[in-house]
Structures are given as structure tokens and as C-alpha cells.
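Shown next, in C-alpha cells, is the structure this report addresses.
Sequence lines set the chain letters: A, B, ... in the order given, protein chains first and strands last, and positions in each chain run from 1.
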Amino acid sequence: MTGLNHPLLAAASDTADRFGSLFTFINVISVAAFTMVIAVTVYFSVKYRRRSEGQRTSPVKHNFKLEFLWSAVPTVLMIVMFAWGFNDFAALSQTPADALPLRVIAKQWNWTVGYPGLDRECTAEMSADGGAETEFVVPVNRPFTVKLSSEDVLHSFWIPDFKVKKDALPNRYTGYTVTPTEIGDHRFYCAEYCGANHSRMAGTIHVVSQEDWKLWLDGKLEGVPNCKVDPTAPDYAPKLFVKYGCAGCHSVTEDRAIVIGPPLYGLVAKGSETMEDGSSVTVDDNYLRESIEYAEKQRVAGFAGKNMPAFRGRISEVELDALVNYIKGLGAVDQAPTNEDGTKSE
Amino acid sequence: MATTTVEGAAPAHEHAEELDFYKASRGIKSWLLTLDHKRIGLMYLAGVLLAFFAAGVIAIIFRAELMTPQIDLLAPAVGEGSATIGRELYNKLFTLHGAMMVFVFIIPAIPAALGNFLLPLMLGAKDVAFPRLNLLSFYVWLTGTLILILAILAGQLDTGWTFYTPYSTSTHGAAPVVLAVTGAFVLGFSSILTGLNFVVTVHKMRAPGLTWNRMPLMIWALYSTAVIQVLATPVLAITLLLLLFENAFNVGIFNPAMGGDPVLFQHFFWFYSHPAVYIMILPGFGIISEIIAIHSRKHIFGYKAIALSSVSIAVISFLVWGHHMFVSGQSEFASALFSFLTFAVAVPTAIKVFSWVATLYKGSISFNTPMLYGLIFIFTFSIGGLTGLHLGTLSTDVHFHDSYFVVAHFHYVMMGGTVIAFIGGLHHWFPKMFGKMYNENHGRIGALLVFLGFNLTFFSQFVLGAQGMPRRYAEYDPEFQGWHVASSIGSFILAAGLLWTLIYLLMALKNGKKATANPWGGASLEWATSSPPIAHNFHDTPHVDSDPYNFPEIDHTMKTGHH
């Protein structure tokens, strides 16, 4: 754990700036109201303390002017608070065009922060004591947009210094946009109770200068994890295959354990695939690529009604290459991946 | 005193042969099968105090754990995964603490324990409308308590008292959460029975002359509470049914794996549990109105405003549940509506506080123990209410949600509000309930300890929350330690104060001076009968021709300073 400060009004983001103003406004009103109530209570308690049994008291029962005043003034102040709060709240869901997209995935008990299109993914494996400290990097003064989801139960992605938080759900995306404005390290936590190691599901955001951000992208920034995904690692493609849900429908083994979608083992060796309209298509790199990107264009006979999602725009080029090569290698005589361009199929 | 305003409440000496309700019948069976609302109230009191004690001890255990950032006290000293074992234990402890405090203690504490004892007495009635139903509600409460404890102990429930899906239905299977919600529902059913009984009693059994506008504010509060209990609790039954349906027939309702939506569970949960917050606090408002008026010998200021604000809080409380879900992924538009409606609840609450303070004006204020708790309530509840503004405001809630700030806020409202009022009420009506007086100086020492301990415990948590400390954390970053230590020390002082209070009250039961029928000079009907009351409350049906705050000290010739 790092020795970070948590100043009450750390204005480390644009949201935190706005938060600071409204928080101060509410505090001033609350403290004033509280002081007034307590001062009057103490004053009355002292002044009208019982000095003798049978001490005479006032017959006053109500006072319309006073009651109207103390109903109307809070009402007006609260309407201001509501409107101000709503205005700032709405800003969290407005995403500028230049925002850096981050894909944040929560699970019991760690965070994975992906950088779509940048081939970077920051995560942490759970340590022996059950803790996981994810670290990731964002540039200062550039908004980033968090696209949030969970792989299991509810979690919540809270960055206290930025004054932002949103729950991660297992069945849909949530998220927010925020602009870090202070270079330095900031803690983030899981704020929605998620089980045994909930309190260790945390991490640190490294907010870096624009120059350092470029260095980080080049893999040259020291002192912070580089998070570079290595597409040459042997387990890179099989992990992608599971991550994108391919494994749920496509069998990759000889036993053809799953046939919700066309089995992929030995597909390239087979050489061609018969389509729904009766035509035959050569299985090559482009066929595989198109099948992944535009699944609805490539309908293999016998799989009517089985709709695979189109992945165009959802995976990077590097990931696409890796998947194509991985599928080509399944059941091939020569297991070495080939990189030559295939010819376009008819 | 009371007899100046209550016609027909005959002086006790004419009926000296009548026994009080303790002596009217004897033996354990005469208690367990009693239909007397006073005895049922006392059985509830014993039950809820036991639950309060147990849940409090648990809180002290985890506050001790939180003295250090690492898990140590609760974890086995050595061994693989010992930290995780410690965290799991911590999670079960805060679940047990929350569920016991909310469902078993606070909800029934004032309505079922004090309310049962007082409502018929304050109405000038012999009993509640349905005495058998009243006894049934006690045993239903007992059953629900046992089911809930079973769910937590046997079912390994570690979900927090909110039982959020899908964690609650997936981790240990659905059985624990089904059992726990069953427990909460059975407890809620007990609330429905009490609520129904109270609504009918208030409508049908008021003494002659006790018009709605002459009812003590305690009755208005209990009445508003009863209405919420009857209307809100069935939603828990629907939730339970849906949970059972999902698990028995594999229909996706809350479980995302089957196409359900876990956030829907939160809607159902808070649709009950938010009104339940007002079930907890409204009766506390009632107690404070009584205490402040009687111990300052003043007519309550703004009677109608206080009574109507109870009713309007009861109505609006049904429309604010979504303020628990500003960051849950619910639509921004829905959040905006819920934020607005939440502020709408804040206004009547503010009116009440101002009215209590105004009641003190030109009074004759006694600083006995009940009044001290009344003044403590104004202090702590104001903090609880005002910090509600930070949470009702959308953008600030985004930061505070699920942090220690929320924990501090609801403890200031639930403990600084309801529990302080409950303890104050217990002292206020102690002479009536037990016929004994406690030592006032002991009471004042207890109140001081509770006040100091409480504020140290929970004010520290506001700071922690604002600084970024998430709730339900067994471990935390070291920079939070200072305020955690302060909070823990506060909790020990608070515990000492409560234990001290329990001891001197028990001593008073045994050795206390005999209480008179009306030690505080109250003008409402419960003070018109003996202490403790006779079995059927009043010798003759009392008649009411004045309001409950018409004290003899009030000088009707004094200038009121307005008009």
C-alpha cells in the first residue's frame, strides 16, 4: 500500500473541482443551520431552566410567520442544492470525442483495466493473502471514459480523489467520464460489497504528464507497470478465445465437444466450408477474419438460427491476427502460425 | 396536575384494593399467554433489549478489529489464507450486526415495546383493539428472529443486511438469502399485525373527548408508523416470492445468468426498506415531542405542523427509495426524480426540529434524564438530518455512496435519532412501566457517556467517508487509521455508557424509590392512572376536555410576543 494523502477536498479531477464547490455550499448551510439550532437550544435551556417548581411558562402554541419562514427558507435552499447536484451529476455521463476509452472489468477480487485499440491491459493477480493491487496509467488533463462491467457479482469503481463512483454490473455496461487534473498517484477501491476479499480489491491510478503518457505508450516509462499485452505469448490467443466468449460455442478440440457454432478444429485442413446458400467458400485468413468481424455475412450450412455477434470494432487488429492464426493452427499438420496474406475467397 | 385536565380519572385511593398489572395474575403462563398489552409490551422490551445487547457486542468486536489496518484480531494467527478467513468472519459479523439491529431491534423497539405499553394508556382505552392478534404478533416476531439468526449462523450469510443479488444468491447458494428474507418478512409480518392493531385502536378506541387534535403527538407518530407498516411490508413478501420463484422454477428475475436483473432486487429491497427507515424514526419523533413538552412545561409548539409532518413524511417515504441507487446504474432521470423527492422529505423533518426548539421558549426546563436525551436528540438528529443533504444531492452522493459517510449518516439518524429517543422514552415512562424511580444522577452520567461516545464514534466516520474510506472493509489503507482508532475508542465509551445505563435501571427495578402516578406532571392520559397501571388501565373510562400539553404552569395571561 502506498502512503497517499487523502485531503478532504483533493481536487484531482474536474469532477472533484465541482464537488468541492457544492460540498462547501452544503457544508456552509448545514453548519449554519446546526449552529443556529444548537445555539438557540442552549440559550433557551439556560435562560428558561427551571428555577423553582411551578415556574410560569408561556402559552404560545404556534406562530404562523415563524413557521412559514422556517418551511420556506429550507425549501428554497434545497431546490438550489437539488438543481446544482443534478447539473454536476449529468456531467458525469457526457463523453467528449477526445476521451480516452478505458474498459474496466471487475471480478472477485481484482480489477482489469483495458485500453481498447492500444493493446494494453493492466491487472493484478491475487496475492497469497487475497489482495490484488491493480495499477494503471492515464494522462493528465485528458478525459477518460470508463466502460464498466462485472464478471460475477456487483462491484463499484470508486476513485475518491476524483469524486467519481459507479457500480459494475454483471449484465450490462455502466460508466462515467472524468478528467484527471493532477499528476500523481490516486487510490481506487471497490465500494460495493462483494464478498471475502472485498476490502483488498483496490489499486492505484498513475496520472502522468502528456509527455510521460507518450513514453508509456512507447513502453519506455519507468516506475509504472507497462501493461503491454504480448501477442507472441503462447497463451495470448487461447485467452482471447475465452475472453471474447468464442469458447462457449466453438469447439477447438478433435472431439467436437460443443457444436453450437461450427467446430474449428481441423477447419483450415479441411480447406473449404459449405454455406447456407449451398455455395462453397475457401477457408483462409480473410474468411476467418470476416467471420469474426461480420459473422452475419458468413452463414455455414447447418447452423441456421445460431447468431454469432459481429466483433467489428470490438477487438483490435493485433487481437484479430492472433485469433486468426490460432484458429488456423487448430488441427493443422504444421502447428507453426502462418503470417502470409491469404487470397480473397470467391 | 393531570386531573385538572382529565375528567373522570378517579383518584387512586378509591380503588386501593385493585392490584397493578404485575400482581393481577402470577406465574410464567400468565405472562406467556397474556392478552394484556402492557405485558406484551414488556416482553417485547426484554426481547429487543437482548437483541440490542447482542448486536452491540458484535459491533464492539469489529470496532476492536478496526483499530489496526490489517486483519489481526479475527484472523487465525498462522496458516494458508488466514487473512481471508479473518475477512470472512468480519463480513459475517457486520451482517449479523446490521440485520439484528435493523430487523430485530430498531423496527419493533419503539412501536412494539414502548408503543404497545403506552398506546392504549394514552388513548384512555383498556387494551388494543385486538389483544389476541397482539400476542400473536409477539410470537411471530420471535419466530422471525429465530429464522434470521438461523439464516446467518447456519446459512453462512455474509451479504450485509441488504442481501444484494447476485452475491447473495450465488455465493452460498440461494438458501441463506431465501431464509434471511423469510426471517425479515416474518418479522415484517409481526409489524403488520402491530400496525393494523394500532390503526384500528386509534380510530375506534379513543376515550370520549379525545379528538384527533387532542391526541398526544406520540399517538400521531405511532399512527403514521402503523400505516407505513401495513402498506410497505407486503413488498418484502413479493420479493421473497420472486426469490423463491426464481430458484424453484429457474425463471430469471434477479439472476443475470438467467436473464434477470440484479438491480431489480435493489428496487424491491428499498421499496420496503426505505419506508422502514421511517418506521424506525417516526416513533422517535413522537417520543421527543412528549419529552420536550412535558419537561419544559410548555404546550408543544406547532402541534398541527408536527402531526401533519409525520403523516406527510409517511406518504413521501414511499417515493424516495431510489436515492439508495444513484450509482447503481439506474437511469439519470430516475435518479433526478428520487433526489428531488428526497429533499421533499427533508422539509417536514426540518419543521419538526425547529418546532421542538421553539417549544423550549419561555418554558420551565428541567434537566432530568429524559430531557437530557431529548436535548441530545436535537443535537445528534440534526447532524444526521443535515448530512442527509450531502447524500440527497446527486453529485455529492456519487462520492459518499457506500463510504463511511453513509455509515455515519445513518447511525446519526438511527442511533442518534431512534435509539436516543428510545432510551429517553424508556427513562420518561420508566416510572409508569415499573412503578419505580431511577437515580437521576446515575441517569445524567449515563447520558453524558452516551453523548460523548456516540459523537466520537460516528463523527470520526464522516471524516473517514469524505476522505475515501469505503464501508464494509475488514482492512484499510494505513492513512485512515487515526480516525478509525478515534471511532473505536468512541464506541468503547458508548458501550460503557449503555452498560452503565442498563445496570442502574436494573438496580432501580430492585431498589428504586416508589414512583408516584405522575412524577413529571404529564397531562396525557397515561399519567392519570397509577404507576404501574392496574390490569385494565383505568378504573373508569376517562373523559378528555383539553389537549395533552395543557400544563398548570402555563400562564395564559403572559404575553406571547406575537399577533
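- Proximity to chain A (any heavy atom under 4.5 Å) is shown, for B/Ser355, by both the backbone and the side chain.
- Scanning all heavy atoms of the two residues, the minimum distance from B/Gln70 to B/Glu475 falls at CA-OE2, 3.6 Å.
- Two rings, from B/Tyr473 and B/Phe480, have their centers 6.0 Å or more apart.
- For chain B, the nearby parts of A/Glu192 are the backbone and the side chain; heavy atoms of each come within less than 4.5 Å.
- Most heavy-atom pairs under 4.5 Å with chain A, from the set B/Ser382, B/Ala336, B/Gly392, B/Ala83: that is B/Ala336.
- Between B/Phe400 and B/His390, the two ring planes are perpendicular [angle over 60°; tilted spans 30° to 60°].
- Residue A/Ile159 does not touch chain B at all, counting heavy-atom pairs closer than 4.5 Å.
- Residue contact with chain B, scored on non-hydrogen atoms closer than 4.5 Å, involves the side chain of A/Leu92 exclusively.
- Residue A/Asn87 does not touch chain B at all, counting heavy-atom pairs closer than 4.5 Å.
- Smallest separation of non-hydrogen atoms from A/Lys47 and A/Arg51: O-NH1, 3.1 Å.
- Under a 3.5 Å cut-off, the side chain of B/Tyr549 and the backbone N or O of B/Phe301 do not form any donor-acceptor pair.
- Heavy atoms closer than 4.5 Å to chain B are found in the side chain of A/Ser93, but not in its backbone.
- Residue contact with chain B, scored on non-hydrogen atoms closer than 4.5 Å, involves the side chain of A/Arg172 exclusively.
- Annotation: B/Phe377 is in aromatic contact with B/Trp356 [ring centroid separation under 6.0 Å].
- Contacts between A/Glu53 and chain B at a heavy-atom distance below 4.5 Å are absent for every atom of the residue.
- Considering only heavy-atom pairs separated by less than 4.5 Å from chain A, the leading option among B/Ile85, B/Thr359, B/Val357 is B/Val357.
- Of the options A/Thr134, A/Asp185, A/Val138, a side chain to side chain contact (heavy atoms under 4.5 Å, CB included) to A/Ile205 is made by A/Val138 and by none of the others.
- Considering all non-hydrogen atoms of both residues, A/Trp70 and B/Ala358 come closest at CH2-CB, 3.8 Å.
- In this structure, chain B has a heavy atom under 4.5 Å from the side chain of A/Leu169, while its backbone stays farther away.
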